[in-house]
Amino acid sequence: MRACVADDASKLARIVDDFPILRERTVRGRRLVYLDSAATSQKPQCVIDALVTYYSTYNANIHRGVYEIAERATDAFEGARGKVARFVNANPRELVWTRNTTEAINLVAHSWGGANIKPGDVILVTQLEHHSNLVPWQELAARTGARLTYVPVDDRGLHVLDDLDDLLDGVKLVALSHVSNTLGTIAPLDIIVPRAHAAGAVVLVDGAQAAPNMPVDVKALDVDFYAFSGHKMCAPTGIGALYGKRALLEAMPPFLTGGDMIRTVTYDGATYNDLPWKFEAGTSNIAGAIGFGAAVEYLSQIGMEWVREHERSLVSYAFERLRELEPRGLVVYGPRDPDLVADVISFNYADIHPHDLASILDGEGVCIRAGHHCTMPLMEKMGWPATARASFYIYNTRQDVDALIDALGKAAAIFKIDRAGAAGALGG
Amino acid sequence: MRACVADDASKLARIVDDFPILRERTVRGRRLVYLDSAATSQKPQCVIDALVTYYSTYNANIHRGVYEIAERATDAFEGARGKVARFVNANPRELVWTRNTTEAINLVAHSWGGANIKPGDVILVTQLEHHSNLVPWQELAARTGARLTYVPVDDRGLHVLDDLDDLLDGVKLVALSHVSNTLGTIAPLDIIVPRAHAAGAVVLVDGAQAAPNMPVDVKALDVDFYAFSGHKMCAPTGIGALYGKRALLEAMPPFLTGGDMIRTVTYDGATYNDLPWKFEAGTSNIAGAIGFGAAVEYLSQIGMEWVREHERSLVSYAFERLRELEPRGLVVYGPRDPDLVADVISFNYADIHPHDLASILDGEGVCIRAGHHCTMPLMEKMGWPATARASFYIYNTRQDVDALIDALGKAAAIFKIDRAGAAGALGG
Amino acid sequence: MDDFYRDYILDHYRNPRNFGHLEHPDVVAEDTNPLCGDRIRMELLVDANGIVADVRFFGKGCAISQASASMLTETVKGRPLADVARLTKEAVLENVGIGISPARLKCAMLGLKVLKTAAVGQLASWPDED
Amino acid sequence: MDDFYRDYILDHYRNPRNFGHLEHPDVVAEDTNPLCGDRIRMELLVDANGIVADVRFFGKGCAISQASASMLTETVKGRPLADVARLTKEAVLENVGIGISPARLKCAMLGLKVLKTAAVGQLASWPDED
Ligand SMILES: Cc1ncc(COP(=O)(O)O)c(C=O)c1O
Ligand SMILES: Cc1ncc(COP(=O)(O)O)c(C=O)c1O
């Protein structure tokens with residue numbers, strides 16, 4: 001593995017410097033050690049500036065405005081669509097703005113699902129889906145009389161594909177996450193997508209954890225739908241995107257209706273606008289979209305290959321350092337191979353409940369997440385009441401990993417792990 | 001009528017100064033004359049600052065975070081809900097964040113409508129609805145086999161209530177706008193709401209143009225649902241709100257599903273969170289909500305009574321000045337009584353197409369809107385191919401009205417209205 | 001933008017050339033600009049040699065869309081249909097002169113779009129997207 | 001927050017008092033903290049005088065929720081049920097001491113919520129919302 005972090009120390013320092021929240025010593029005189037980017041990323045100055053510039057100099061509604069600032073706003077908004085589309089190698093016509101990944105998935109479940117899923121049909125998901133890529137399909141199945149089945153995952157959180165062809169038999173839709181937000185597992189899309197297509201299924205990929213962390217090419221992946229959120233990849237909150245293959249999107253009925261998504265309206269009915277606007281009802285999150293454009297421009301300048309390498313290296317280093325604590329009862333969940341993991345490590349430490357762990361770490365200026373990570377069924381299956389999760393992003397350093405380890409040491413001291421020890425592991 | 005503008009010249013000057021886009025001479029050395037606030041309002045510094053502060057100092061995901069900045073973000077987000085709820089006199093539990101008015105209305109159409117509207121039921125709207133409060137009901141009617149009927153409006157755009165009780169017979173839902181975005185007409189909710197309730201109907205009010213411009217008290221209005229958009233009232237884009245009476249919201253099934261709106265999830269199904277989170281799936285527009293909170297705080301400081309008076313005075317002055325141009329073919333549409341009009345004046349000028357008018361006015365630094373204003377059926381009914389629309393907000397002054405009139409003079413000169421004259425009026 | 005509204009533009013707006021309908025058109029196409037509602041219909045008479053023998057347009061909308069459609073009808077009358085199918089944005093800009101803002105470009109191009117649709121016999125993509 | 005995890009809290013977490021189930025409880029209530037998944041069940045034996053004769057709690061979760069539930073069982077044993085129904089947030093804060101962060105308050109209050117639900121015989125509103 002290439003140790004790009006060490007090589008790129010100055011690049012990394014420059015990246016850290018791009019983030020106002022990381023620049024200043026905000027937590028009791030220390031620099032924030034933010035290890036919760038899988039929940040939401042921090043925002044670079046250039047994205048914040050894009051918002052401020054829009055609101056301060058050319059704030060206007062889009063598409064129908066004749067005057068200059070409305071034109072500028074429209075160009076910036078549609079220009080941002082082009083940038084985000086190019087970022088995942090999609091055509092701008094195939095990129096629909098949504099609030100977030102969740103809304104993108106719901107759009108497909110309602111519009112495509114309502115038109116295509118019939119009683120007795122099968123929808124296949126995996127056992128490690130985020131609630132946002134699970135509950136909409138449970139609801140769709142309940143509405144339509146379809147059946148929901150699961151691709152199993154093993155104890156390490158890796159997809160078990162032994163019976164894939166059987167599982168795919170008669171399946172109309174496969175919905176799975178590109179990267180698990182609980183375990184970091186990267187799904188073997190290269191295996192699943194062609195076989196799903198061969199079985200006649202449409203494939204939706206939840207890219208919420210992948211688009212921020214690795215190069216994504218929807219054409220090369222050959223997925224039918226790809227959903228992702230801006231806020232996890234340096235963009236503002238309230239903006240996400242749905243990529244869909246043009247033929248599928250064209251054939252789908254609109255989901256939300258109202259202003260902007262129509263072509264003509266009479267008292268008797270309406271006809272709809274072209275793609276992608278057919279799916280964008282009402283005033284969009286204009287500033288959010290512009291900020292998303294700035295965010296992917298920023299990420300592209302850094303280079304998504306670099307991002308992937310950087311995170312692989314950090315995860316690898318974190319695995320190494322966490323291993324030191326194993327004799328005291330630290331347990332890492334999920335695949336422990338940095339090649340199979342994106343940005344996330346889940347773990348527990350002896351009998352310290354992850355919420356307590358997160359509180360103590362917060363006292364040390366280290367932000368991690370604790371809980372079920374919106375994957376309750378997976379937690380139940382694995383028998384984990386909750387896990388602590390550290391996730392990494394472009395601005396994290398080896399020093400952040402060291403800070404995590406030191407803070408875990410503090411937690412061990414508070415909980416007297418040396419004495420009470422690894423004896424009483426959590427969740428027994 | 002009280003001439004509050006003259007009395008409050010210094011207050012007004014201070015308000016103008018709060019808006020960065022209006023502070024600087026941005027359009028060819030002139031101050032922007034922005035008369036398109038009905039499309040989207042400009043944003044005061046305090047709202048922009050709220051966004052920057054969130055992104056720069058406590059950006060984190062909400063609700064599940066244990067660490068300090070996540071707590072601050074959650075408090076700010078839920079605190080903003082309280083502020084916006086109080087602004088319309090609602091309980092925070094009854095206030096659901098949406099992207100905008102359009103999504104709020106769609107939420108009701110899908111969730112409440114799906115559960116309550118049956119074949120043969122009647123949904124009553126008015127003839128002057130924005131597409132966002134029309135197409136969702138057309139779609140709901142088409143989905144369920146219900147019938148959509150209309151409260152007529154007269155030539156001035158005033159609601160004709162003569163046959164209201166007949167119209168209300170057997171009606172399940174009445175959906176109407178509080179203020180028309182095309183004509184400024186204020187709906188007589190005091191008459192319609194009690195009679196709708198007496199007929200057993202639920203009442204949804206589209207408050208997109210009312211909440212920004214006048215005091216709104218959902219309890220006093222006794223409406224069942226009230227939808228409004230932040231971006232039209234000083235808040236960021238991408239955030240809106242739905243007020244709903246608790247009993248109705250409690251009984252409604254969720255609309256979008258996924259993370260955050262659930263209580264428990266298993267591989268077999270899900271149970272849902274309490275109000276209002278039951279309706280908020282996925283990561284919300286956190287910064288947008290916080291900005292919305294700052295916006296209503298700002299508006300409350302100004303005072304919504306003052307806002308209403310200020311706009312009434314401006315509209316009244318604009319009516320006066322526009323009248324001067326009537327001999328040359330200027331036609332004002334809609335009720336011409338400032339007591340019946342909120343923030344909007346629609347007009348046409350001789351045979352100048354409104355798009356041409358808007359282009360020429362833009363050259364003079366005056367921003368107006370031209371077109372059908374997302375009310376195509378109304379335009380069709382009235383026989384107007386399009387109208388020019390000037391709309392006013394807290395930062396507009398009599399000088400802005402004068403600038404409009406001067407710019408109209410320029411347009412008349414370019415189009416040689418004196419010679420070609422009022423002869424060929426538009427839309428004949 | 002003000003410079004745009006020259007006398008000849010206003011003249012074409014107020015006195016559109018070739019306005020109305022043909023008795024027996026060989027090709028007809030129509031479209032609207034969804035953003036502003038402008039509407040243009042083009043009707044062509046094509047002779048045995050593939051020449052545009054006559055043309056009428058019908059529509060309503062702003063000075064830009066109506067004047068540019070009117071001027072286009074003058075441009076294409078007597079020209080081979082194949083030439084019409086190859087007309088570009090520049091042809092329209094030459095007609096209407098400079099000074100048009102990006103937001104209004106679609107108004108100016110609506111006539112062209114409809115004419116090309118008629119000529120090609122299928123919906124052309126937006127000229128400004130080529 | 002670090003100060004919060006004092007020895008007696010950890011002791012209650014690791015050696016919860018009155019943990020388990022009653023054979024024939026008179027009242028039972030259970031709830032979860034939806035945000036962190038902590039779960040608490042309270043079982044009460046109430047004698048003829050309305051006194052809490054015995055109590056058991058069962059659950060899993062963080063040190064804060066488990067320790068404060070454990071301490072609460074000690075607080076209420078032998079007390080009239082009516083008193084239990086009137087217990088406040090302050091009673092819990094007295095038990096667990098200072099230093100708890102707002103985000104974790106719901107963990108500390110879960111046991112109280114369940115206990116009051118059991119006592120009142122209906123779902124109490126969140127104590128911290130009173
Ligand atoms: C009366 C009315 N209703 C609904 C809307 C739609 O608002 P939004 O685009 O914010 O959803 C608008 C604004 O355009 C409006 O003026
Ligand atoms: C894998 C995965 N899917 C979906 C989501 C939902 O994303 P959002 O909340 O932005 O809709 C998340 C983020 O929490 C996620 O990690």
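Chain letters run A, B, ... following the sequence lines, proteins first, then strands; residues in each count from 1. The figures that follow rest on heavy atoms only: side chains count, while hydrogens, waters and symmetry mates do not.
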Heavy atoms only, distances under 4.5 angstrom: which of [options] has the most pairs with chain B? Name it, please.
options: A:Cys367, A:Ala287, A:Cys374, A:Gly365; result: A:Cys367
options: A:Lys381, A:Arg23, A:Met379, A:Glu103; result: A:Glu103
options: A:Gly65, A:Gly288, A:Ala370, A:Gly371; result: A:Gly65

key: Set of residues satisfying ring pair (Phe, Tyr, Trp, His ring centres under 6.0 Å) with respect to B:His130, sequence neighbours excluded   =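 None.
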query = Given a strict heavy-atom distance threshold of 4.5 Å, which part of B:Ile286 is in contact with chain A: side chain, backbone, both, or neither?
reply =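 Interface part for B:Ile286: both.
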query = Considering only heavy atoms, which portion of B:Leu134 lies under 4.5 Å from any heavy atom of chain A: side chain, backbone, both, or neither?
reply =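 Side chain of B:Leu134 only, per the 4.5 Å heavy-atom cut-off to chain A.
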ask   = Are B:Tyr55 and A:His231 close enough that their ring centers fall under 6.0 Å?
value =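 No, the ring centres sit 6.0 Å or more apart.
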request  = Would you please indicate if the ring centroids of A:Tyr34 and B:Tyr58 are separated by under 6.0 Å?
outcome  =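 Distance test on ring centres: not under 6.0 Å, no.
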ask   = Just by distance, with hydrogens left out, do B:His373 and A:Arg64 show a side-chain donor and acceptor under 3.5 Å apart?
value =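 Side-chain D/A pair, B:His373 to A:Arg64: absent.
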inquiry  = If the test is side chain to side chain donor-acceptor pair (under 3.5 Å), which one of B:Asn59, B:Asn61, B:Thr283, B:Asn285 qualifies with A:Thr237?
reply    =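 Exactly one candidate clears the test, B:Asn285.
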message = Could you check whether any side-chain N or O of A:Asp362 sits under 3.5 Å from a backbone N or O of B:Glu68, counting only pairs where one atom can act as donor and the other as acceptor?
response =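 Confirmed, A:Asp362 side chain pairs with B:Glu68 backbone.
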query = According to the salt bridge (charged side-chain N to carboxylate O under 4.0 Å, His left out) rule, which pairs have a member within residues 53-62 of chain A, sequence neighbours left out?
reply =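 Salt bridge (charged side-chain N to carboxylate O under 4.0 Å, His left out) check on residues 53-62 of chain A returns no pairs.
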